[in-house]
Each structure stands twice: as structure tokens, then as C-alpha cells.
Number of protein chains: 2
Amino acid sequence: MSVVGGKWKMTILWRLARDTKRFNELQRSIENITRKMLTEQLRELERDGFVLRTVYSQVPPKVEYSLTDYGKTFIPVMQAMAQWGLTHLDSEA
Amino acid sequence: MSVVGGKWKMTILWRLARDTKRFNELQRSIENITRKMLTEQLRELERDGFVLRTVYSQVPPKVEYSLTDYGKTFIPVMQAMAQWGLTHLDSEA
DNA sequence: CAGTATCCGAAATGATACTG
DNA sequence: CAGTATCATTTCGGATACTG
């Protein structure tokens, strides 16, 4: 929990489990997250080795986020949680 | 995450997965948790149907906390997380 | 496009004292 | 033993403006 327990971390990792995403793409895919929060959580996930940040030196800038191999080891855990949620949380608040 | 994402909820559930515990027993088993935090988190877990609170009308009071059947369905998910942690988090901060 | 920097209010948490 | 009440503090998160 200390590494994946941030307010948006699971959501971010879950998005990146599907495929690589750019910053704005990620922001649009997560309802209500601010640039600040997205940046902060991504930095922490990066520091903890879950997420890889790839910067393309071009104009306009392009930055892609993806799961590292280490981050991918966490996918089964997320799937277990997702499956539990689907089974037990019918109408979520 | 919205139901088990509280700061101490996973820890509490993990303790109760082993066996029923009394309030002070639970507090002693969790380093640094205050009575206030423990009470609040337990109340929420109770409200969400994970935890059963059993009061024995005696002096001194005795209150036991245990997982409900519903709460027990979450044990495999916690085990998945615990196993992941053991495998990937050697020396935790 | 992909961020940073700054400020500020809200919410979470902690400390402490009190209670049936 | 198992809490509750109150207050202080810390942390978090949102709004806004600015940048390469």
C-alpha cells in the first residue's frame, strides 16, 4: 500500500496496463484528475520503478508513459482486485 | 480502493483475517495507530460490511472484531498483494 | 504539449482529556 | 476496556498563472 496507495496510482497503473499513453491522453482518460496530481503521482510511480517516462525531443513535446517490467508484475494483483470489485461491488457510489 | 483504501484498513483486515481480535489487542498489534484512527476505520469497515463488531455486556467491557463472510471474500485479494510484496519489496522503508 | 510554481482552503490525522 | 470529544496541526488537493 505504501507504494501503490496514492489517491490515483491504481487508476494510473490500470490505464497503463492496457497500453502506453501520453500525458494529456492519460489526463483525459482519468476523470477529474488535475495536471498537478497526475504529475505528482507519475513522478512517484517513476521513482518506485513502476512507470517508465519516455521523452521525445520534438516540438510540440511528446512524453509517453508505460509500465516497466517491474510494474507489469503488479498487473495480476490489479486483476485480482478488479475481479473482486466486479463480483462484489454492483453499484458503486 | 474506495472501500479498502483507508490508511489503516488493509492492515486491520489483514490482522482480522488471522483471527478475531479485541479493540486493545488490535491496537497493540498495529504500530502507531491511535484509538481515534482505529475506531474510525473500524466503523467504516463495519458500515461497508467487512467487519463484524460483537459487544459483550460485561464489566470490564469486551468488544470483539472479526471479518464477516463478505469480508472474508477479500482475503484472496490480500493474499495476492501480500505475496507480491514478499516477492518484490525486500527492504521496505 | 507537457509540464512548474505558488498559494490557499479543506480534509485527514494527532494529542490530550474525559467517560460508562 | 473500549471508547468519545475537542482542539491543534499537518498534509493533501484544487485553482490559477506561467514556461520551454
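Chain letters run A, B, ... following the sequence lines, proteins first, then strands; residues in each count from 1.
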- On DNA chain D, more 5' by nearest nucleotide between A:R35 and A:W8 is A:W8
- Name the nucleic acid region contacted by B:Y65, choosing base, sugar-phosphate or nothing; use a 4.0 angstrom heavy-atom cut-off, strictly under. sugar-phosphate
- Item | Full working for side chain to side chain contact (heavy atoms under 4.5 Å, CB included) between B:F23 and B:T39 | CA-CA 9 Å; B:F23 186 86; B:T39 303; 3.6 Å; yes
- Message: Taking side chain to side chain contact (heavy atoms under 4.5 Å, CB included) as the criterion, tell me which of B:Q41, B:E40, B:E46 meets it with B:R43.
- Response: B:E46
- Message: With a 6.0 Å cut-off (strictly less than), is the heavy-atom count around CD of A:E31, excluding the residue itself, greater than 12?
- Response: no
- Contact span of DNA chain C against chain A, any nucleotide atom under 4.0 Å from a heavy atom, 5' to 3', runs C:dC1 to C:dC7
- Query: Can you tell me if A:S29 and A:E25 form a side-chain donor-acceptor pair at under 3.5 Å?
  - Reply: no
- Note on the structure: Scanning all shown strands, the Watson-Crick or wobble mate of D:dG20 with both distances under 3.5 Å is C:dC1
- Query: Atom CD1 of A:I33 to atom P of D:dG13: distance rounded to whole Å?
  - Reply: 10 Å
- Using atom CD of A:E31 as one end and atom P of D:dG14 as the other, report the distance to the nearest whole Å. 13 Å
- Measure from NZ or CZ of B:K21 to the centre of the six-membered ring of B:Y65 and say whether it is under 6.0 Å with the direction within 45° of the ring axis. no
- Could you point out which residue of A:F50, A:Y70, A:F74 forms a ring-ring contact (aromatic ring centres under 6.0 Å, His included) with B:H88? A:Y70
- Message: Once you apply a heavy-atom cut-off of 4.0 Å, does B:K7 come out as touching a base, just sugar-phosphate, or nothing?
- Response: sugar-phosphate
- Message: Could you tell me how far apart B:K36 (NZ) and D:dC7 (C1') are, to the nearest whole angstrom?
- Response: 9 Å
- Task: Using heavy atoms to find the nearest nucleotide of DNA chain C for A:N24 and B:M37 separately, return the residue whose nucleotide is more 5′.
- Result: A:N24
